[in-house]
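Encoded as structure tokens, the structure appears first; notes follow it.
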Amino acid sequence: MIVEWFTLWIGQKTVGFLVKTIISEEFVKDLVKDYAKDFFKNIFNNAVTAPFKREPLEKAVVMAVTEFLQLMQQDLDDSELAEDEIKNYEQPLNKFLKHPEVKGILGTAFKDDSQAIDTKALEIIWYQLNASYPLPDDFNWKRIARKYLQKVKEIIIGVPELREILDSRNLDKIQNNTTEIAGIIPDFDLEKYQEAIKETYSNLNLDSLDTSTYDYRDKLKVWDIFIAQNVREIHQIIPRIHELPKEHLRRLRETNELEAEVELEELERYKRVYLEQPKRSVVDIVNEQQTNKYIVILGNPNSGKSTLLKYLALNWARSPLNNSLSLAIPVLIELRTYIRRWEDKECHNFLEFFHKCSGAISHLNQHQLHQQLKSGKALVMFDGLDEVFDPAQREDIITDIHRFTNEYRDVQVIVTSRVIGYKPQRLRDAEFHHFILQDLEPKQIQDFIYRWHELTFIDPADKVRKRERLQIGIDTSQSIAELAGNPLLLTIMAILNRNQELPRDRAELYNQASRVLLHRWDVERALQEDKRLDPKTIDYKDKQAMLRQVAYHMQTGDKGLASNLISAGDLEKILTDYFKSLEITQAREVARVMINQLRTRNFILCFLGADRTSPFKVLCDGLICSLFKRGGVSGWEKRNAFRSGV
């Protein structure tokens, strides 16, 4: 019956060749199979649908999926793809539309309060299923979603039985809402929350750093390897100076070029005041809850800010539950994840995020969490203010944090950000104290090296020999010792040391560190998976060369060092031009495959959705340095010459 109806219905519509090809009789039968489980799983339950005929719900599924497919095809048409290029998407679209999660997301448009569907999830599912078939750059999921919601409204109006079903579930909805407001739902399981924290944050993320062996990574827990760095309180931030790399700053001092940026006397005065501040353990600062109720922890990229917050959360999670109840419950919000959920209208505030959003590691009932916050028994941590890249959104987040501290006056709050581009005034006005993470000191580096080798080596003689070799490599080179103060670079040194001596030269260390990061970026495999492309031999030097150009483009833009964004269009152009230089005929297609793969490489590029990607800052600086290492001129000098237009 449904097939005959569909034949008549689609015959009355103006549809493209893809729609007619994919929405076949077999597809329709498969689509309505178990429709309630997938498509309407977030809206109806069996009790609601039982009194009604199956047919109107089946029609709604087919109509909605057909409309969505037609909208996708229209967007492909608008991308100016040739007809034969669009035909290549037939099988990927077929697989995509049959995916249970896709049907579930499309079904949420039938909610009576639906304002948006989860386009981010749709985008991720597409790339998971069809990595070899990237969508065009100007393909716009959100535009499709807006039009699809309008189409769903038209479907509801056109199927009276469906309106009746939707209205019938309102009583259940009102009852559920009343129950939730009353706080009866037991969704504040702290034991479960402890387990989620331990499962999510316990292990060091070394997968992208060292995949050569798996015999030691599971032994490295954050609490075993964490070094409590020192901090200095800072009362006056001079962004133009703090944004400069340390070596660049030293060279400017040597050549007296700082006067062009800041009056030398003013700089020296601020420097004196800052250096007069005592260095103290960051953990001690956090533990002084009355004195340091509101804290901003500033630091360079990969200086240990996020690891600190994870360590604080783990301290609570590892305590026996009867003891942890008397301690402040850690609420860690990664702002990059939060802003995505906020953009997609999944939540309107921080409590809603923890209550229901997919980005929260464990859901906590917002009403009970509200009571916990009111009593002051919480430590709330906002990680990565700098990773909210849109300036207006960042200002909104700061406003929300300020409002949060006004509403929950007894709660300790920590915010982290990198120094570059940070503007302190608004949080300073909100009574936040600012501290800058210091590099690891020699004794702390020695402590890390000892712990690392105790945990990762079995043979006693090998353990001592490798430990001493790494320590000597750091002690005998001033430039390497400076880099060892950065926790991530120190970790990479420890990984390199497993199989070789450390290089004595800063640029060569960056070069070898990038080899570690790029070792498992399997370019050839990605090209082989796309049947349209011939696999090419691309070694790590090619990978380095591509990313150097990305880094150079990123840091020579208008925002200079404060910029850590590159548009997908610019990224594609850089890679396409590079592949053309290798005389690869399908350069643009190869570039798109590479971008798809880079999205999963968090230590190279971090995909943010829409038209944005964020590169890994320390790696980019190092690649720029190694790019220009030749003759008697250092990489940093060349880099700065290029930045100043020389």
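- Using modelled atom types, no side-chain atom of Arg592 and backbone atom of Pro136 make a donor-acceptor pair closer than 3.5 Å.
- By the side chain to side chain donor-acceptor pair (under 3.5 Å) test, Glu407 is found to be paired with no residue, residues two or more places apart in sequence or in another chain being considered.
- With sequence neighbours excluded, no residue satisfies salt bridge (Lys or Arg N to Asp or Glu O under 4.0 Å) with Asp284.
- Ion pair Glu352/Arg341 not flagged as a salt bridge, since none of the NZ, NE, NH1 or NH2 atoms sits closer than 4.0 Å to an Asp/Glu carboxylate oxygen.
- You'll find the side chain of Val296 reaches within 4.5 Å of the side chain of Tyr422, heavy atoms only.
- Using a 4.5 Å heavy-atom threshold, the side chains of Ile397 and Phe382 count as separate.
- When ring centroids are compared, Tyr408 and His370 come within the 6.0 Å threshold.
- Formation of a donor-acceptor pair under 3.5 Å by the Asp224 side chain with backbone atoms of Leu220 is not found in this model.
- Using a 4.5 Å heavy-atom threshold, the side chains of Leu312 and Pro330 count as separate.
- Leu385 has its side chain within reach of Arg394: a pair of non-hydrogen atoms, C-beta onward, lies under 4.5 Å apart.
- A parallel orientation is assigned to the rings of Phe68 and Trp141, their planes being inclined by less than 30° (bins at 30° and 60°).
- Between Phe350 and Phe354, the ring centre distance reaches or exceeds 6.0 Å.
- Not a single donor-acceptor pair under 3.5 Å links the side chain of Gln444 to the backbone N or O of Leu440.
- The salt bridge (Lys or Arg N to Asp or Glu O under 4.0 Å) search around Lys573 returns Asp577, not counting sequence neighbours.
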